[in-house]
Amino acid sequence: MKLQTLYKLLFIAIVVVFASCVDTLDKVGFSIQPENDRVSVGTETLNLSSRTVQVDSVFSRTKYPILGEYIDPVFGTIRSDYVGEFYYPESQVFKDGAQIDSVRLTVSYTSIIGDSLAPMELEVYKVIEELPRNKDYTNFDPRTKSDMSAPLGTQLFTGRNNTYRTETYYSGNIPQTVRIYEIHTMLPKSIGQSFLDEYRKPNRGALKNTDTFRDFFPGLYITTNFGNSTILNINLTSLSVFYNYLDPKGSSTKQDTIRSSEFRLNITPEVTQVNHIQNNNDQLLEPNDRGTFVKSPAGVNTEITFPISEIYSDLSNRSLNQARLVVYALPEANQDETVKLTPPDHLLLVNKDSLQSFFENRRLADNVTSFYASFNNETYSYNFGNIAAMINYYKRQNNEAFDLTYYLVPVDITFTTTGGSYYSQGTTAATAIYNQMKPSAAMLESNPEKLKLDIIYSSF
């Protein structure tokens, strides 16, 4: 038999066998599955309702407070100042023979909102009573714990005309240079002298550790006394005590030398720092048919009602597989892009009844009863993805029809990357969620055609 003929016969045999297999496999499954057990899939749309709600205060323990006052033509007024304790590291020391030269408060920031050239004045007051524990809410008034008879120091400033320094960090292998602005305010030399006198006592006196130092020096209250065009996003607040000391035979020629040094303390996450926020949100609370609002800091939230009672009977004999939620923002075309408040970077979807405990207990979004979404500038929306787990969770908790009331809250999220290497970017996850202190605001779409859940059921 010729080789070409053999190839043709082999090809025909393979085709016949394959066709037989396909014919058989096509019916596998249906032939062993009872007719009544077949899966059916259905879709439904659940329209949601929303409204704007005023919040009295929010849990304000934050890494990055804000300072200043800003009037937005659409979203109203924000005024903020803050109070904080200083962390005392045991490694911080005074050199032998120290003599105080000066004391300076430094407020550092990298970004502002508003008019960068508008003049403002910073004021610093001494805190005279211990700050409250676990009551870090924005309606706490620092003046009740401070000596308001006279400021310890004042300093005029404008947002972009202050002293600055640059720092470089790496994002991957790409260097990023950031400009850090600083407001320097001179404080009484007596503050530094009191630190030094206490330090010289047996066992360093009250400067033994952070707890004893807190009792000795409860902190500082930082505010502004005029100007309403600028808000600063504060990165760090530092208290520096500059002093000189004699370094015996400290020069290269073994001569006695006068040297300068710094005793420096910072407000850090380990100690209390509270933002005091005042808002005027009246215009946002007026009825309107365009949409609802979210605003930070400590401004307004959007309340969303999920009418689960409308589909409760369906949940008893169907499995809820998907419920997709996308919240759309409405651009404010008439605002000046250089000064307007921008939409929050992230929104948290959290049960109204869990709002307070979520932040006090430093919880993370669990994608069961709470979710977060990041702002997408291209679609101008927040995509929360599939929130079916939320509805299924509360369905298991309830034996009768129910509705759910949730808040949309602007938040600041810390992300941490683990497992990164030269070959892999690693895995990034949210490791901390705070009420957002940075000013932001957005109008959210409330039209039922936009604010809805697209639902997919399955049943047997």
Side-chain angles (χ1 to χ4, degrees), residues 48 50-66 80 82 132-140 269-270 272-277 279 281 292-306 308 323 325 327 343-375 382-398 402-416 428-442 444 453:
L48 313 179
S50 64
R51 68 187 185 102
T52 303
V53 294
Q54 171 79 57
V55 291
D56 172 65
S57 62
V58 300
F59 190 71
S60 68
R61 188 153 192 165
T62 177
K63 295 184 297 182
Y64 307 117
I66 61 173
S80 176
Y82 66 100
R133 294 286 172 266
N134 301 318
K135 294 183 179 180
D136 306 331
Y137 279 81
T138 52
N139 59 357
F140 168 69
E270 290 85 358
T272 300
Q273 178 175 235
V274 184
N275 238 147
H276 173 228
I277 309 292
N279 274 294
N281 299 315
T292 59
F293 294 95
V294 288
K295 178 185 174 183
S296 69
V300 296
N301 297 331
T302 283
E303 179 185 282
I304 296 182
T305 299
F306 296 86
I308 308 303
L325 175 64
V327 177
D345 294 331
H346 313 282
L347 287 182
L348 175 70
L349 181 69
V350 62
N351 193 301
K352 175 184 177 180
D353 295 335
S354 303
L355 180 65
Q356 181 172 328
S357 61
F358 184 93
F359 293 101
E360 286 187 355
N361 297 327
R362 301 176 184 270
R363 294 175 184 165
L364 297 173
D366 59 11
N367 293 324
V368 177
T369 61
S370 55
F371 304 77
Y372 75 82
S374 301
F375 181 66
Y382 299 87
N383 188 346
F384 290 91
N386 184 7
I387 64 169
M390 178 185 82
I391 300 173
N392 289 329
Y393 172 84
Y394 286 106
K395 197 303 184 157
R396 293 192 295 269
Q397 311 300 315
N398 291 273
F402 63 93
D403 294 335
L404 294 174
T405 303
Y406 264 67
Y407 277 170
L408 290 174
V409 184
V411 291
D412 177 33
I413 303 180
T414 299
F415 293 95
T416 302
T428 300
T431 53
I433 298 180
Y434 305 89
N435 276 296
Q436 182 167 301
M437 291 296 110
K438 182 178 73 174
S440 67
L444 305 179
L453 284 183

Can you confirm whether the side chains of [X] and [Y] place a donor and an acceptor under 3.5 Å from each other?
X      : Y      : answer
Thr305 : Asp403 : no
Tyr64  : Asp412 : no
Arg363 : Ser357 : yes
Ser440 : Ser296 : yes

Q: Decide yes or no on side-chain contact (heavy atoms from CB on, under 4.5 Å) for Phe306 and Ile387, but give the supporting numbers first.
A: CA-CA 11 Å; Phe306 296 86; Ile387 64 169; 3.8 Å; yes
Q | Heavy-atom closest pair, residues Ala430 and Ile413 | A | CB-CG2, 3.6 Å
Straight-line distance of [X] [atom1] to [Y] [atom2], nearest 0.5 Å:
X      : Y      : atom1 : atom2 : value
Tyr393 : Asn398 : OH    : CG    : 10.0 Å
Phe371 : Asp366 : CZ    : CG    : 7.0 Å
Glu360 : Leu355 : CD    : CG    : 9.5 Å
Asn301 : Tyr406 : CG    : OH    : 14.5 Å

Q) Out of Phe375, Tyr372, Phe384, which residue meets the side chain to side chain contact (heavy atoms under 4.5 Å, CB included) rule with Leu347? A)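 One option only clears the test, and that one is Phe384.
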(Q) Can you tell me if Phe402 has over 12 outside heavy atoms packed within less than 6.0 Å of its CZ? (A) yes
